[in-house]
Number of protein chains: 2
Amino acid sequence: MKTRDKILLSSLELFNERGERTVTTNHIAAHLAISPGNLYYHFRNKSDIIYEIFLEYEKLVDYYLDIPEDRPLTLDDMTFYLESVFDGLWSYRFFHRDLEYLLDGDRRLRQDYREFTNRCLDAISRIFEKLAEAGIIEPQPDELRAAMSLNVWLVITNWMAFLKTAHASEESANLTLTELKQGIYQVLTLEIPYLTPAYRERVMALREKYRPKLPETAGAEPVVGMKAGMVKN
Amino acid sequence: MKTRDKILLSSLELFNERGERTVTTNHIAAHLAISPGNLYYHFRNKSDIIYEIFLEYEKLVDYYLDIPEDRPLTLDDMTFYLESVFDGLWSYRFFHRDLEYLLDGDRRLRQDYREFTNRCLDAISRIFEKLAEAGIIEPQPDELRAAMSLNVWLVITNWMAFLKTAHASEESANLTLTELKQGIYQVLTLEIPYLTPAYRERVMALREKYRPKLPETAGAEPVVGMKAGMVKN
DNA sequence: GACTCACTAGAGTATATACTCTAATAATAG
DNA sequence: CTATTATTAGAGTATATACTCTAGTGAGTC
């Protein structure tokens, strides 16, 4: 594997683990057992590394949120979208943590992220639209759908932060799979009132699968692994 | 005014303006035209300053979210809660921005914040309960109410970050009053499906007041001032 | 007038951080 | 084989950061 790619991989790993703020370029180099000079041969600066990681993230999410226009959506599709988005969120979780600071320091990133957000909002809205066409949720006026989509986005992007700050009385805060999946539970909660009678029970059953067993008990559950076995389309 | 209080005030101001990460204790001292030594006479370290600011924030929100148990809630109460919470969010907006890092570095803060979050969630849930009692929203089972409350919390605490990152193509990102208030619009969007027929129109009209005029146009609107004229009870 | 004590100035320090520079070694092209 | 280019090591640097230490000052007290 190319040094350049190793740098990106290690950076992501360290950023996710310890937060971008506490991981220095020297740490990254040390972790790879290469010299700082070597790292700076491949990247102009730390921002550059972060930007490239963002591009990967963007690509991943754009890929997952590609909505088929030639067929109606199914419940499985919706499940796939939810699982995928939380997957992506997990893999690049450092990003949303220090988002504001990162955007303040890199105009390119700010601009790109802005567009990325808008694409995501459009995708969510389009998913709702197609779920309505498929008779899974009731159709809603554009304006309401847009506001709902934005709420879904806010819940999704804030879920990890909530887990890490509000849960986990112990400091380390190993996230469990159950906890991460509760994010899907929260998103489905938003949809409940809009479900059609025909699908209500099925979606409620789906939601139930993501419900936490014991809300307040920090269990010794398996740590998140993800990259689960869902395949696109 | 005591030097100690001036330090807290300036710190909050600078943190809000530039982010905790980029504001050093030396900056704070310089801004007050006092020596670093003086600052460190009053506070053991930077974390201590932040912790004290958090206590103020906590006190403010706890005060606002005190729910009267001797009378039913009104729509005006709900408006007051929403306005107040966004007020508080604005006044201490640096806090949520760097939340994870701050909690990682201070056990006290982590523990207190955790309890604070739970109190807020309980308050939101209690508000929903009393809104149902007042016939404003339909009553819901405990479990759904809890999940809804959590969604409200996620939307509220993530709203500022959304504005600062997704909006404002220009770098500075001066938030406008209209934009901040759109957070209330988003929260009310969550409530729509649960409104009783008797109140539906009134709440929709209230919501309309917070609706952004031109969603995507970064206008030259008046910058947020807040501390608006709402009085408790 | 000596004494205390809360408060302040300002120079200083150990460490870290992002990043640079030079020189050397592999890899590749002609 | 030679020349060029890509890659790497490793020491070094300018600056910043959180924080310390010493030496006071000024207002009140006995």
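Naming: A, B, ... by sequence-line order, numbering from 1 per chain.
Residues passing the side chain to side chain contact (heavy atoms under 4.5 Å, CB included) test with Lys6(A), sequence neighbours excluded: Met1(A), Leu32(A). Every residue meeting the side chain to side chain donor-acceptor pair (under 3.5 Å) condition with Asn151(B), not counting sequence neighbours, appears here in chain and number order: Gln186(A). Contacts of Arg126(A) classified as side chain to side chain contact (heavy atoms under 4.5 Å, CB included), with partners at least two apart in sequence or in another chain: Ile67(A), Glu69(A), Glu129(A), Lys130(A), Glu133(A). With sequence neighbours excluded, the residues that form a side chain to side chain contact (heavy atoms under 4.5 Å, CB included) with Asp48(B) are Phe43(B), Arg44(B), Asn45(B), Arg108(B). Applying the salt bridge (Lys or Arg N to Asp or Glu O under 4.0 Å) test to Arg4(B) and every residue at least two apart in sequence or in another chain returns Glu52(B). In terms of the salt bridge (Lys or Arg N to Asp or Glu O under 4.0 Å) criterion, residue partners of Lys46(A) (sequence neighbours excluded) are, by chain and number, Glu20(A). Remark: Tyr101(A) engages no residue in a ring pair (Phe, Tyr, Trp, His ring centres under 6.0 Å) (not counting sequence neighbours). Taking Arg119(B) as the reference, Glu58(B), Asp62(B) meet the salt bridge (Lys or Arg N to Asp or Glu O under 4.0 Å) condition, with sequence neighbours excluded. Ser149(B) pairs by the side chain to side chain contact (heavy atoms under 4.5 Å, CB included) definition with Ile124(B), Ser125(B), Phe128(B), Arg145(B), not counting sequence neighbours.
First and last contacting nucleotides of DNA chain C toward chain B (any atom under 4.0 angstrom from a heavy atom, 5' to 3' order): dA6(C) to dG10(C).
Arg207(B) and Thr189(B) are linked by a side-chain donor-acceptor pair at a separation below 3.5 angstrom, with hydrogens and angles left out of the test.
Using a 4.0 Å cutoff on non-hydrogen atoms, the parts of residues 6-27 of chain A near DNA chain C are Thr24(A), Thr25(A), Asn26(A), ordered by number.
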Under-3.5 Å N/O pairs linking protein and nucleotides 5-9 of chain D:
{"residue": "dT7(D)", "atom": "OP2", "partner": "Tyr41(A)", "partner atom": "OH", "Å": "3.2"}
{"residue": "dT8(D)", "atom": "OP1", "partner": "Thr3(A)", "partner atom": "OG1", "Å": "2.6"}
{"residue": "dT8(D)", "atom": "OP2", "partner": "Thr3(A)", "partner atom": "OG1", "Å": "2.8"}
{"residue": "dT8(D)", "atom": "OP2", "partner": "Asn38(A)", "partner atom": "OD1", "Å": "3.4"}
{"residue": "dT8(D)", "atom": "OP2", "partner": "His42(A)", "partner atom": "NE2", "Å": "2.7"}
{"residue": "dT8(D)", "atom": "O5'", "partner": "Asn38(A)", "partner atom": "ND2", "Å": "3.1"}
{"residue": "dA9(D)", "atom": "OP2", "partner": "Ser35(A)", "partner atom": "N", "Å": "2.9"}
{"residue": "dA9(D)", "atom": "OP2", "partner": "Ser35(A)", "partner atom": "OG", "Å": "3.4"}
{"residue": "dA9(D)", "atom": "OP2", "partner": "Asn38(A)", "partner atom": "ND2", "Å": "2.9"}
{"residue": "dA9(D)", "atom": "N7", "partner": "Ser35(A)", "partner atom": "OG", "Å": "3.1"}

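Of the two residues near DNA chain C, Pro36(B) and Arg44(A), the one whose nearest nucleotide lies more 5' is Pro36(B).
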